[in-house]
Amino acid sequence: MNQDSIIKRLFSRPIILFSIVLLIKSAVAWFVVFSDGPSWGMAFTEIPFFLIVFSLIEWLASKRKILYYMIANLLITVIYFAVLMYYKYYGVIATYHALQQADKVTKVGESTYSLITPYYLFIFVDIVFFLFFMFRPKYIAKWKERGAVRMSRPVLLVLSAVSVGLCLFNIWPNHASMNEIKKAESMGILNYELYTLFADTTEDEELIAPQDITQQAVNEVKGITEPAAPLYFGADKGRNLIVVQMESFQNFLIGLKVDGQEITPNLNKLVRENTYFNNFYTNAGQGTTSDAEFAVNTSFYVPKNEPATSSGYMKKAVPSLPKLLGSNGYATATFHTNSVEFWNRTALYQAIGFDKYYDQTFYGDDDHIAFGSSDEVLFAKTVPELAKMDAGDQPFYAMVISMSAHHPYRIPEEKYKMTLPDRYQGTLLGDYIQAQNYADYAMGQFLEELKASGLWDDSLVVFYGDHQGVPMYTLDSNEKDLIDGLVGHDYGYTDMFNIPFIVHSPGSALPSVMSGTGGQVDILPTVANLLGVSVAQQLHFGEDLFNQSSNLLPVRHFLPTGSFINNRSIYVTGDGYADGTNYNLLDNSSLPGGSTEAQFTAVQRLLNLSNSYLLQLPDRADQTEQ
């Protein structure tokens, strides 16, 4: 038998043909997700899963066997495609939790499509090829003939038993790893996906009893003591509070110039004239913008595997900044040009208790950028509403959420306010800089309108970024070199999660720069202190940044389980806590030594305290369909 005949015979066996096809697709996914790329170990971890699926088809299907192979091929291909696409933006392995949010893809289509590199689509080529031949009569007859041949039952039993054994061998020794990327690489992507389905039913956190969840318990875990007479308490008592959430805004933009041009001149001026927290980090998770809203307004951590707005938290009467200030005589409202249904904000605003919200129905779709009206429209229409609130007989709390600088940052050219060098053209980084420069321009108009209306002098106003804007996993080598040159070191986790926090306090001479570590969960107690509103009776996981010098911030979603930020570094777990890596907050360099077990244990305790408290709250009376 010549070589051509052997190859032809091999490829006449669907189980061999489809296994080879899927192995090639798995190599594409491994190339994107794992730093070492495809390896011989990949075949050892991925092929047994294929063989289990295909053995079931061989055993059970007497007709349309090739059709079932094609369906299985398509479903596994979709899993690989979802994994590599999700990793490109979030830097973690997509599981069924992420796929439950697939409806968001249609609403953020441009953002999703921008992540696709042409060779990713290569993994669908065979499906088009098979479909082409399946609808040609002579090939249908051949496929039916081949599909009618069933493999020997004893052979299938042996093949299935060996494949199941190999899958278990790949899964079990690696199940205790804390690092999901390493876990998926050791188990194999498909085995990892299967494991997460099973693990979620067996590894749920045990809820802590309500009587054990107290502010004292939280403070003890964090290692802080709240002062009896905090500094700046009531410095802005009776004033309005305006909270401005800036879309995808990272701290490295502050003070940055490209060829002598300031990217954010208005925010740079804010930083110089007010209080600037330069060591401040996002607490957002899978829900990105909406998670930032949740963390800021509640001072709780977001859930583990889903956006806060899709979780059981939305059924609860959640303690919040709107409720705290409402009980102290404040009117409350939130402003956003997107539809309130996006990210299930209808439920969010009911759970945290805003009196009123303004969304796309108010702003319309004029001057469309990203998902709604531009930031210029947002600010121009918001200030008159704030002035109306200010004319009332009570102070107000207003949250204003910008959106124009949303990924993939493709604003209309007529909105460009600066000219970038050719080296930035056609890059994600260049588009990001242009979008944030425009957002800063619109912010400048907002600031002028606040000052002209008198609101600036009568309001505590704070600004912060919501989440990362330039994912390190998305950058190609050219873009990586560009951003390394801008930040002055290797761009990494400490840059990606670092966002600015700026406080304008008309009532007190606050320090100009605060360099202690902080996060979005700290905003609630910090602004409450300045407004002279006590948080003693409201559980919170953040701390007043003007009165604490130590912090511990769990990272819930974008890094492996157990990762956190402390006073000097971002700690990223390895297979365990002892073999993790500390990244210096100053320059992203690696620091010697892993995490201490005490800090790692404290992070797990904080997350469990937060989750346990929220899940055991009473249901709110005004629940709507989630």
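Model, not experiment: these values are computed from the prediction.
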Worksheet item: Between Y90 and H557, how do the two ring planes meet: parallel, tilted or perpendicular, split at 30° and 60°?
Response: perpendicular

Discussion item. Set out, in order, the CA-CA distance, both residues' side-chain angles and the distance that settles side chain to side chain contact (heavy atoms under 4.5 Å, CB included) for Y432 and L253, then state yes or no.
Written reply: CA-CA 10 Å; Y432 178 72; L253 293 171; 3.5 Å; yes

Practice prompt. Could you go through the side-chain hydrogen bond (donor to acceptor under 3.5 Å, both in side chains) check for Y409 and E247 one step at a time?
Written response: CA-CA 10 Å; Y409 317 118; E247 176 65 44; over 6 Å; no

Check: [X] ring centroid to [Y] ring centroid under 6.0 Å:
X: F300; Y: Y313; result: no
X: Y89; Y: H407; result: yes
X: F541; Y: Y301; result: yes
X: Y281; Y: F497; result: no

Donor-acceptor check, side chain of [X] to backbone of [Y], threshold 3.5 angstrom: yes or no?
X: Q425; Y: L420; result: yes
X: D291; Y: N283; result: no
X: Y424; Y: L482; result: no
X: Q436; Y: S248; result: yes
X: S610; Y: L606; result: no
X: E206; Y: N608; result: no
X: K183; Y: H175; result: yes
X: D484; Y: Y491; result: yes
X: Q468; Y: M496; result: no
X: N170; Y: L166; result: yes

Worksheet item: With respect to Y80, which candidate in E193, E46, K25 satisfies the side-chain hydrogen bond (donor to acceptor under 3.5 Å, both in side chains) definition?
Response: E46

Fill in: Reference residue S569; test side-chain hydrogen bond (donor to acceptor under 3.5 Å, both in side chains); the match among T581, T494, N582
N582

Practice prompt. Have a look at F49 and tell me which of T45, L51, V53, I47 forms a side-chain contact (heavy atoms from CB on, under 4.5 Å) with it.
Written response: V53

[Y] and [X], any side-chain heavy atoms less than 4.5 Å apart:
X: V32; Y: K88; answer: yes
X: L348; Y: E293; answer: yes
X: L157; Y: W59; answer: yes
X: W30; Y: I189; answer: yes
X: I57; Y: F54; answer: yes
X: L429; Y: L486; answer: yes
X: I181; Y: Y87; answer: yes
X: S26; Y: M42; answer: yes

Practice prompt. Evaluate the criterion side chain to side chain contact (heavy atoms under 4.5 Å, CB included) for residue pair T95 and Y192; output intermediate values, then yes/no.
Written response: CA-CA 9 Å; T95 64; Y192 175 73; 3.9 Å; yes

Fill in: Step-by-step side chain to side chain contact (heavy atoms under 4.5 Å, CB included) determination, K304 to N611
CA-CA 9 Å; K304 181 178 181 181; N611 186 56; over 6 Å; no

So how far is it from [X] [atom1] to [Y] [atom2], rounded to the nearest 0.5 Å?
X: M472; Y: D490; atom1: CE; atom2: CG; value: 9.5 Å
X: N478; Y: L428; atom1: CG; atom2: CG; value: 12.0 Å
X: I208; Y: R605; atom1: CD1; atom2: CZ; value: 3.5 Å
X: D495; Y: L585; atom1: CG; atom2: CG; value: 10.0 Å
X: M187; Y: I93; atom1: CE; atom2: CD1; value: 12.0 Å
X: N344; Y: M314; atom1: CG; atom2: CE; value: 7.5 Å

Closest contact, heavy atoms only, [X] versus [Y]:
X: A308; Y: P303; value: CA-CD, 3.6 Å
X: P48; Y: S163; value: O-CB, 3.5 Å
X: Q360; Y: G372; value: NE2-CA, 3.8 Å
X: T573; Y: P560; value: OG1-CB, 3.2 Å
X: P554; Y: V603; value: CB-CG1, 3.8 Å
X: Q599; Y: N566; value: OE1-ND2, 3.2 Å

Practice prompt. Show the numbers, then the answer: is there a side-chain hydrogen bond (donor to acceptor under 3.5 Å, both in side chains) between D466 and T289?
Written response: CA-CA 6 Å; D466 60 353; T289 297; 2.8 Å; yes

Discussion item. Consider ring pair (Phe, Tyr, Trp, His ring centres under 6.0 Å). Of Y571, F564, Y493, which one does Y583 pass it with?
Written reply: Y493

Item to complete: Return yes when atom CZ of F169 has more than 12 non-hydrogen atoms of other residues, nucleotides or ligands closer than 6.0 Å, and no otherwise.
Response: no

Worksheet item: Where do T282 and Q520 land on the side chain to side chain contact (heavy atoms under 4.5 Å, CB included) test, with the steps shown first?
Response: CA-CA 6 Å; T282 177; Q520 288 165 340; 3.5 Å; yes

